[in-house]
Structure formats: structure tokens, C-alpha cells
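Order of listing sets the numbers, starting from 1, for every ligand and every atom in it.
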Amino acid sequence: MAKKRSVWLCQTCALELPAFENPCRNCGTWGSLVETIKEPPRTARSAPRAGTVGSGSSPRPLRAAAADRAERLPLGIAELDRVLGGGAVPGSIVLLGGEPGIGKSTLLLQAAAGVAAAGGRVLYATGEESAAQIADRADRLGLMSGPAAEAVEILAEHDAELIGEAARAGRPALLIVDSIQTATVDALDGVAGSVGQVRESAAVLAAAARETGAATILVGHVTKEGSIAGPKTLEHLVDAVITLDGDRHGTLRTLRAAKNRFGSTEELGLLEMGEHGLEGIDDPGRAFLEERSGGAPGAIVAPLLEGSRPLLVEVQALVASAAFGSPRRTGRGLDTARLALLVAVLGRRAGIAIGDRDVYANLVGGIELDEPALDLPLALALASSQSDRPIPRGVVAVGEVGLLGELRPVAGLARRLREAARHGFTVAIVPTPRRGAPAEPAPEGLRVIAVATLREAINAALEAAPQR
Ligand code: TYD
Ligand code: MG
């Protein structure tokens, strides 16, 4: 029996219906009806917290506003804190997305321990696992002998209102809800994980976060298609959306912000899943060089920039004869449309005719990057594979490739080159600087070869003899 307090609301034409229908009788959209609470429960308004917006605030000079510029709650995991913009903001709400099994619960339990270690209390609400399972994980992570054993409270509960109550009673510094897909509100009939339930639960939890000032993190499972299951609408409700990604068979995990009201969305966090949970990668410049191949044709290292950090990543390509039908363009970790474009430019502008061949390319280490600066190394890897000539091991290349086969300068070149030199690379192939741009001195030990076209770059790469 339907509870009186909910209606079904079409997300396209806003028609209100008493029961689910498919498609919407008014606009004909399929699957657009979402169960919604008719009159949202009145939540007590409290004074707005730093970094949040609420009624009852009055205009104040900027100087006064700067004073309550959110103090941050460090979560004790440097990579996560950096992606958040320097820790979590009290009273804010963060959505942590990721595929099942990628390590979300592990990361958050470690964050809980980080807050506990700094003297804060944590409420960890779980609808996924039992309290005992979480205790097992804490044990495995070696947290049971530390302050987390007392300062982290586990609440096995689905009901978002009850989780909110517990937060009001306990006033934790950090509230974790694992996961939003298991949270429900009583007023709706829909099953846990339905769009209506997810959205209303998030709204209830966001209200609790604002009122208690608890930094709140919701776990959201990401479906195979890559969206956080259920609700696009959720993204508007939260202050930040962070995703934990990686190849589940590998150990590398990346953290990125898709949205961040309190920080940049440029920063990349790099973690490694080990015996004792997730650990930050100390020297990310090196992280991807470890599995490097030994000077085979089709490989070159690219000095890339993710946010503020330089990363040296090996780019690999394989050009093979196509069996039948249209030739393949397969890319892992990089943009396949870009790959197809480079194949065309190589054929027309650099005399490397591979348009009718199968082309595979990937970034070593299971990382995904999308930077125009990746063009040149990718094109060089393709040329190297096609001509079956290896690019010497000490060579790096970076640059954007234009449709005419011209090379364009990239941002942050000096930083990229310093990182390459630091790791013992001896030759860098880069685009000619723009006319009038100040000449950057090359870092010590690195010979910088500036070229204007893709053709010149290929000649330089395949002939470069690294001076050791
Ligand atoms: P989990 O945090 O449960 O993932 P999620 O919450 O995103 O579904 O982590 C799942 C995987 O992590 C699991 O396959 C085991 C592995 N793992 C480790 O490798 N080391 C560890 O210390 C822990 C706790 C988990
Ligand atoms: Mg989990």
C-alpha cells in the first residue's frame, strides 16, 4: 500500500502522479517518474556553517567572511586530503564514487582512523556490511590497537533519518555513510537504491551534516557504464564528487574530483592497494616507470602533468596488419578519438601510412590520462612500432600535434623537463617555443631538442642517441 506522503514526479515534464507509470502519460518519456516526498520534512534551521549556505545569514564584509573560511578536517591520507582541497570541510557533503571492490570502504575506514588519530570522533554508518565485517577490516588494517578502536563508532543502519539522529546525538567530526544506495527514508515505498530513495536520503543526510557540522562522506557505487548508480541529481546536492578508480586486477588507484566546491578539480591522488590498505605513492614521477619495457619498438616515456604534479608515463603502441573488415583503433587509458586522429595525421603529414592497419595503444600502469601533451609521444610510439625501430631508452617527448602535422607548445614544460631529468632521462623532444616566448634553460643532464613538425620529431626520436 502506497504511503500517502509520496508522489511520483516526472523528471522531464514535472507531472505528478499517485503511482508509478511507464512511460509518463503526459510527455511519453520512459523511466522518468521518480518517487518523491510530497512535503519534505521540516528540518530545524540552524546558523549557517562556514563554507555552507543557509537562510538566516546576513550580508557581511569580505574580511569577516574570510575569517570563517572553512577550517579543514584533515583525514590523515595525504592523497585524499589534497584532492579534497586540503582536507574535508566541516558541514559539507562529499560523494565518493567507485566500482564495487575498488577500495572505497577501505579508504574511508582509513580516513576514519586518520580523524581518530587527530583526536576526532567518527560515525561510520553501514548498510552494506555488518559491524563485525568492518571490525574485521579494521583489524586487517592494523587499526584496532590505535585510537580508532574507541573513537570510531559503527552504526549498522539503513534509515537516513536515524543516521542523522545518531549524528545529532554524537556530534562526530566525520560522518561516513556506506553506501547511499543502501540508505532509505521511511516516507517512500521505493526500494533502496531507487532514484527517489537515493535522492531523499542524501537530502536528509545533507541536512544533518549542515546542522551538526560533521564533514560527511557518502559512498556511491558506480555502475559498469560509469555513472554513480541512480542519481545524476545527487551531484547537485553534494559539495564534491570524488571518484576512486583503477584496474581492479592491479594495485594502482587514482582519486579525482569531478566536482569540488572547496577546491580544484585538477588534482590527482595516487594510491596503492596493499596488504594493509591503501597507501599514498611517495614518488609519483616514478610510479609508472617500474613496469617499463626494455627498449622495444613502440614505446616512449611522456612527462605529463596532472594538476600540479608531473608524472612520467610510458606510452606503448602496436601497429599490426588488419585481419579483415575495418582496421581497429584500440586505446587503453587514453582517448581513442585522439588516437584515430593521430593515425590520420601520421599518414598524411609524416609519411607513416598506417591507416589500413590495426592500431593499439595504451598507458602503462593502468592510469587514465587525457592531455593534449600526450599527442607527440603517442605519435612517436606509433611511428616506432610501424618502422620497427626502438626509441632509445633515455628519450622523453611531449607536445600537442595539430592537423597539419605541426607541433604546439604545452603548458608547464619546465616542470615536465625537470622531472624527466631527475629520473635520469637524457634527451627530450619538445615543440619549438612560440615566437617571443622566453627561452627556458634546459635542466642539467637533459639535451632538449626543439622541433616544429611531427616529421622532424620522428627523425629526432628514431635517431636520438642518448648521451650517457
Ligand atoms: P573495499 O574497500 O571493500 O571496496 P569497496 O568498498 O569499494 O567495494 O575493498 C575491496 C578490495 O580491497 C578487496 O578485494 C580486498 C582488497 N583489500 C586489500 O587488498 N588490502 C586491504 O588491506 C584491504 C582492507 C582490502
Ligand atoms: Mg564497500
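Counting heavy atoms only, Gly103 comes closest to atom 4 (O) of ligand 1 of the residues Pro100, Gly103, Gly98.
Protein heavy atom closest to atom 10 (C) of ligand 1, with residue, atom name and distance, is Gly101 O, 3.4 Å. Annotation: atom 20 (N) of ligand 1 to nearest protein heavy atom, Gly274 O, 2.7 Å. Distance from atom 2 (O) of ligand 1 to its nearest protein heavy atom, with residue and atom name: Thr106 OG1, 2.6 Å. Nearest protein heavy-atom contact of atom 3 (O) of ligand 1 is Arg137 NH2, 3.0 Å. Counting only heavy atoms of the protein, atom 17 (N) of ligand 1 lies nearest to Met273 SD, 3.8 Å.
In summary, Lys259 and Glu235 do not engage in a salt bridge, as defined by a charged side-chain N under 4.0 Å from a carboxylate O. By the 4.0 Å N-to-carboxylate-O rule, Arg171 lies too far from Glu165 to be salt-bridged with it. Using a 4.0 Å cut-off between a side-chain N of Lys or Arg and a carboxylate O of Asp or Glu, Glu419 and Arg416 do not qualify as a salt bridge.
Both the backbone and the side chain of Ser105 come within 4.0 Å of ligand 1, counting heavy atoms alone.
For the Mg ion (ligand 2), the N/O/S atoms of Thr106 include none lying under 2.8 Å.
In terms of N/O distances under 3.5 Å, ligand 1 is not approached by Leu107.
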